[in-house]
Amino acid sequence: MQTEYFVLSGEDADREIYKKAGEVIKAGGLVAFPTETVYGLGGDALNARASGLIYSAKGRPSDNPLIVHIADFEALSFITQEIPDTAKKLSEVFWPGPLTMVFNKNDRVPYSTTGGLDTVAVRMPSNPMALEFIRAAGGYIAAPSANVSGRPSPTRAEHVMEDLDGRIDMVLDGGAVEIGVESTIIDLTGTVPCLLRPGYITVEMLRKVVGDVQVDPAISGSAENGLKPKAPGMKYKHYAPRGELYIIKGERENVRKVISDHIFSASEEGFKTGVIACDESRGIYEADEVRYIGSFEEEDSIARNLFAVLREFDRLGIERIYSEEFDTKRLGMAIMNRLLKAAGHKVVTAGKDE
Ligand code: TXA
Ligand code: MG
């Protein structure tokens, strides 16, 4: 299949492109599009065949449900059984934006969209291009991240092409995304709201609006703890670069020393090495490639750059990757959740000096 590629300008001229994209979706095809978090791979959420195509294009296990993207609040009642008060409150504060809420679904949503579950995850993205596209496509877009299953999520249209060129009908290029990690997911079907995936909207922010929020115990630990996550997708291997990735944690000075030791021995063994570090570590490392992805004080930049660096290291053929720990104040939980998965939980603890 030939993948059509369109660059969006943000101007009126885009209208023709949205129209074409909408027609592709209504005909049961697939279109990748920008959101504020990561690029999504969209299909008609109410068409069981289209959801099926999404799974095969991504090579995604069919029990891993898709998020339904809507463009206005009224659309929510068309696909859910009831809308709890917590959802109304959260939507007032965080929609449109990087928050996904899980509801009991109704019959309009096919089981192939929800991976066989009786619940449906719904999100209203804030990216204006995403909203235009959803409207042009009929209002209900099932969209996982637009990467091949297991690879880092795409934060630019080029990343989508790397993974899905020839496998989908169309790519809408809206430039680099703003946030860079996927939406926060909160389940509202139980008595107490439960965080299923950490993201840009933190537990603290959610608690300010709805009071008590539990955190799925399967995601709260820093290492794999054997518990089964409530969001089916959270159990799969994810985000993995081709090189072996290790996270080094501990006091900053010790971390730097341990990473430098690792670079030295990996280079001795003939491996091409890469380091992922915060801006504060500039000038410390002598790996083949070093990427400073942001300051601890401006953690948004760390979130925005993380997936792109993993992909860049793949392109450069880096075989051993050492990353500092990014347990930053606000987004630390979301960033470390992605990084630990990308590393397959390979963590080295940098001990104290003797
Ligand atoms: O930011 C995002 O959410 C992006 C953009 C494209 O919107 N989408 C995204 O989708 O990250 P995906 O498919 O890569 O991740 C969806 C996650 C998976 O972990 C899946 O298991 C979970 O959401 N999920 C979907 N429906 C669910 C449901 N009904 N109950 C529990 N978890 C659900
Ligand atoms: Mg994904």
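Model, not experiment: these values are computed from the prediction. Whatever order the structure lists them in is the order used to number ligands and atoms, beginning at 1.
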Exercise. Would K249 and D327 pass as an ion pair if we require N to O under 4.0 Å?
Worked result: no
Exercise. If you count the atoms of ligand 1 from 1 in the order shown, which ones are under 4.0 Å from a heavy atom of L117?
Worked result: 28 (C), 29 (N), 30 (N)
Problem set entry | Validation row: I141, F33 side chains within 4.5 angstrom (heavy atoms) | yes
For this session: Identify, for atom 3 (O) of ligand 1, the protein heavy atom at the shortest distance, and state residue, atom and that distance.
Result: S183 OG, 2.5 Å
Exercise. Nearest protein heavy atom to atom 8 (N) of ligand 1, by residue and atom, and its distance?
Worked result: A143 O, 3.8 Å
Problem set entry | Winner among P154, P125, P65 once heavy atoms are compared against atom 25 (C) of ligand 1 | P65
Exercise. With a 3.5 Å cut-off and no angle check, do the side chains of D14 and S9 form a donor-acceptor pair?
Worked result: yes
Exercise. Any salt bridge between D163 and K58, counting N to O under 4.0 Å?
Worked result: no
Exercise. Do E280 and R256 sit within salt-bridge range, that is, some charged N less than 4.0 Å from a carboxylate O?
Worked result: no
Exercise. Are side-chain N/O atoms of R167 and S56 paired as donor and acceptor at under 3.5 Å?
Worked result: no
Exercise. For atom 29 (N) of ligand 1, what's the nearest protein heavy atom and its distance?
Worked result: T119 OG1, 3.0 Å
For this session: Using distance alone, determine whether T37 and ligand 1 share an N or O pair under 3.5 Å.
Result: yes
Exercise. Which protein heavy atom lies closest to atom 18 (C) of ligand 1, and at what distance to 0.1 Å?
Worked result: N64 OD1, 3.6 Å
Exercise. I185 heavy atoms, cut-off 4.0 Å: which ligand 1 atoms fall inside?
Worked result: 17 (C), 22 (C), 23 (O)
